[in-house]
Each structure stands twice: as structure tokens, then as C-alpha cells.
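Right, one structure below, let's go through it.
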2 protein chains.
Amino acid sequence: MKKDTSAKLMSVGLKVTPNRLAILEVFSSDCRPINAEYIFQKLQGQNINLVTIYRTLSTFEEKGILRFVNVHTDSAHYELAEHHHHHLICKDCGVIEEISICNKLLDKDALSQSKKFNFIESHSVEFFGVCKKCEA
Amino acid sequence: MKKDTSAKLMSVGLKVTPNRLAILEVFSSDCRPINAEYIFQKLQGQNINLVTIYRTLSTFEEKGILRFVNVHTDSAHYELAEHHHHHLICKDCGVIEEISICNKLLDKDALSQSKKFNFIESHSVEFFGVCKKCEA
DNA sequence: ATTCAGGTGCAAAACATTTGCATCTGAAGA
DNA sequence: TCTTCAGATGCAAATGTTTTGCACCTGAAT
Ligand SMILES: [Mn+2]
Ligand SMILES: [Mn+2]
Ligand SMILES: [Zn+2]
Ligand SMILES: [Zn+2]
């Protein structure tokens with residue numbers, strides 16, 4: 001619903017604009033890491049500039065709305081930050097499967113070995129393999 | 001030692017060339033994820049082309065000599081693949097600390113939740129925070 | 001209705017990385 | 001040692017992604 005979306009923007013001090021709502025729309029309807037170009041294609045109808053999409057993605061990441069996802073490819077992918085999870089990525093076709101596995105001890109363990117950090121804000125975990133389709 | 005390095009190249013069917021030895025040299029003396037430009041700077045003396053470095057990095061990754069490391073920045077970073085470990089990255093200055101923590105169960109747990117994969121080849125884990133220096 | 005910090009479009013720039021092609025070289029074999 | 005050639009390299013140009021400058025526009029606060 002649009003109300004949620006607007007509220008989310010306002011809560012982080014961002015103006016509510018058609019562009020931003022549309023971009024968030026894409027992320028909501030497409031629950032997987034996507035890049036600027038993909039969003040651009042999805043929003044062909046409403047004239048929005050690719051540059052605006054790039055700027056919006058950066059802004060959203062800074063505000064904690066989006067999370068950067070490493071998919072080991074050319075372009076920067078993002079997904080909604082709300083649900084913490086990790087990814088299984090096919091080295092062949094690039095398909096991404098999301099998994100909820102998350103060892104909560106990871107951060108603590110890592111920190112216990114660290115000499116340069118006092119705390120850890122976040123982590124990213126990606127698994128790589130070849131999916132069943134590509135395997136066949 | 002150069003012998004090791006040459007052997008490593010030959011063992012994967014690559015020709016032993018001054019460029020390749022020099023690049024491996026940089027990786028050996030600098031145990032952290034580095035990018036093409038960094039290697040280029042380090043090798044200013046011996047005229048080597050930046051393109052060659054890019055091509056070499058790709059080749060080495062394919063042959064399993066190097067591992068791609070996601071440091072959430074502009075350029076592609078690599079490190080010697082021989083030692084499996086993970087990274088703690090400062091969001092401010094980009095400093096990277098390596099840690100040996102690795103929950104071996106990670107792959108198995110992930111796979112147990114997957115519907116699209118039969119096996120996992122590798123994983124990458126990165127922790128993000130602000131280092132003590134930047135915190136101060 | 002007024003105001004203005006922040007958002008957007010457009011064009012151009014910046015950057016990292018790749019590709020085409022001619023030339024060179026490592027190393028295998030004679 | 002000499003020959004041979006697949007693979008390695010340099011150079012220039014192309015690609016593709018992301019950023020920046022600048023003028024104009026708009027959301028939202030007053
Ligand atoms: Mn997790
Ligand atoms: Mn590990
Ligand atoms: Zn696949
Ligand atoms: Zn730092």
C-alpha cells in the first residue's frame with residue numbers, strides 16, 4: 001500500500017515524490033536484487049530519468065531503505081533492507097535464490113577475532129554454485 | 001620464491017612470463033584484496049600495460065589462483081585464493097581486516113534450505129562496520 | 001500563497017573494464 | 001640450437017556503468 005511507502009520515506013526525512021514511490025513499488029513487487037537498468041525498464045511508461053534512479057538508489061541505501069547486494073556481476077544490485085537474508089547465486093545464469101539462514105553468532109565470532117574494529121554493523125553472505133537447471 | 005610462483009603457473013597450464021610473475025609478486029607481498037590499478041602503480045618500473053593486468057586477473061581467477069573479493073566499492077578486488085578467510089571492511093576508510101573465522105556448517109545449512117541448487121562451490125562473507133581509527 | 005531545500009532532467013564527463021588487431025614470445029618439438 | 005605457433009601483450013578504441021554540473025521544478029513547511 002502506498003501509505004506505508006510514503007511513511008517510510010518521510011520517516012527518514014525524504015520528500016515523497018512519484019519517482020521514489022514508483023521505484024519502491026518495483027522493489028516491493030519484485031523481491032530480489034535488481035539494478036538501475038532493470039528499474040528503468042520497468043518504469044518506461046512514466047518518464048523517469050536513469051540518472052534519477054541512480055541517485056535514488058544511493059539515497060535509499062544511505063537512509064537504510066535499501067541494501068547493496070553483491071552478485072559478482074557488472075552492475076550494482078539492491079534489495080529492500082527490511083528482511084535480513086542471504087543469497088545463493090548461480091555462476092552460470094546468475095539466478096538468485098534467497099535463504100533465511102543466518103548464524104547470529106557470526107558477527108560476534110568475527111568481532112572476537114578483530115583487532116581493528118569495536119563493532120560490526122552488518123554482514124553479507126553469498127553462496128556460489130551452479131543451479132539445477134544449468135547443471136542439467 | 002620465484003620457483004614456487006613459476007610452478008604455480010605451469011601447474012594450471014599457463015605460460016611463465018615476467019608480467020605474470022610480477023603480478024603474483026605483488027599479491028604475495030601485499031596480503032590483502034587489491035585491484036588492477038593498485039597493481040599497475042606497484043609495477044610502474046617494468047612497463048606493463050593496464051590491459052594486461054585486467055586480462056591476467058581474469059585468467060588467474062578462472063584458473064583458481066585468485067579469488068574475487070567483494071569490498072563494496074567501485075573496482076574489482078582480488079586476493080590469492082590459497083587461504084580461505086573472510087573480511088571486515090570499514091565503511092569509512094575502506095580498510096580491510098582479514099579474519100579466519102569460517103563456520104563450516106554454513107554451506108550445508110544453506111544447501112538444506114535451497115530448492116534450486118544441488119551443491120555449493122564457494123561462499124563469501126563480509127562484515128561491515130567502522131574501524132577504531134575512523135570511530136575516533 | 002510564498003518560499004526554498006531538495007529533487008529531477010538533460011547533456012556531458014568520468015571510470016572501470018573489455019575488445020580488436022597487429023606483434024611478440026615462451027616453450028614444445030625437431 | 002633452431003623452428004614453430006598458440007598463447008601473451010601492447011596500443012587504441014569501444015563499451016557499459018555510474019557520476020557530475022547546472023538549470024529548472026516541486027514537495028512540504030510556514
Ligand atoms: Mn545474515
Ligand atoms: Mn568461509
Ligand atoms: Zn543457473
Ligand atoms: Zn576506517
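Every chain is numbered from 1 and lettered A, B, ... according to where its sequence line falls, protein lines coming before strand lines. Since the structure is predicted, the reported quantities are computational estimates derived from the model, not experimental observations.
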Whole-Å distance between D:dG27 P and A:L9 CG?
13 Å
In whole Å, I'd like the distance from the CE atom of A:M10 to the P atom of D:dA28.
7 Å
Within the 3.5 Å criterion, strictly below it, is a donor on A:H86 or A:H123 matched to an acceptor on the partner's side chain?
yes
Taking atom types as modelled, is there a side-chain donor on B:T5 or B:E25 under 3.5 Å from an acceptor on the other?
no
Report, one pair per line, the protein and nucleotides 1-5 of chain D atoms (nitrogen or oxygen only) whose separation is under 3.5 Å.
none

By side-chain contact (heavy atoms from CB on, under 4.5 Å) - contacts of A:A110 (at least two apart)
A:I120, B:I99, B:I101, B:F127
Contacts of B:N35 that satisfy side-chain contact (heavy atoms from CB on, under 4.5 Å) - sequence neighbours left out:
B:E37, B:Y38, B:S75, B:H77
For A:A36, which contact category applies under a 4.0 Å heavy-atom criterion: base, sugar-phosphate, or nothing?
nothing
Just to verify, what does B:Y78 make a ring pair (Phe, Tyr, Trp, His ring centres under 6.0 Å) with, not counting sequence neighbours?
B:F68
Among B:I23, B:V12, B:L57, which one satisfies side chain to side chain contact (heavy atoms under 4.5 Å, CB included) with B:I65?
B:V12
Tell me, which of residues 46-59 of chain A have any heavy atom that sits under 4.0 Å from an atom in DNA chain D?
A:V51, A:Y54, A:R55
Qualifying side chain to side chain donor-acceptor pair (under 3.5 Å) pairs, either residue in residues 54-72 of chain A, two or more places apart:
A:R67-A:E79, A:N70-A:H72, A:N70-A:E126
Set of side-chain hydrogen bond (donor to acceptor under 3.5 Å, both in side chains) partners for [X], sequence neighbours left out:
X: B:S29; answer: none
X: B:S112; answer: none
X: B:R20; answer: none

Anything under 4.0 Å to a heavy atom of chain B counts; send over the first and last such nucleotide of DNA chain C, read 5' to 3'.
C:dA16 to C:dA27
Rounded to 10°, tell me the angle between the two end axes of the helix from C:dA1-D:dT30 to C:dA30-D:dT1, each built from five pairs.
40°
Thinking salt bridges, do B:E82 and B:K8 make one under a 4.0 Å N-O criterion?
yes
Looking only at side-chain N and O atoms, does B:N19 come under 4.0 Å of OP1 or OP2 in D:dG10?
yes
Members other than A:V71 in its cluster, when Ile, Leu, Val, Met, Phe, Trp, Tyr link by side-chain heavy atoms under 4.5 Å?
A:V69, A:I89, A:I96, A:F128
Strictly distance-based, threshold 3.5 Å: is any side-chain N or O of B:E97 a donor or acceptor partner for the main-chain N or O of B:L88?
no
Given that B:P18 and B:S75 both sit by DNA chain C, which one's nearest nucleotide is further toward the 5' end?
B:S75
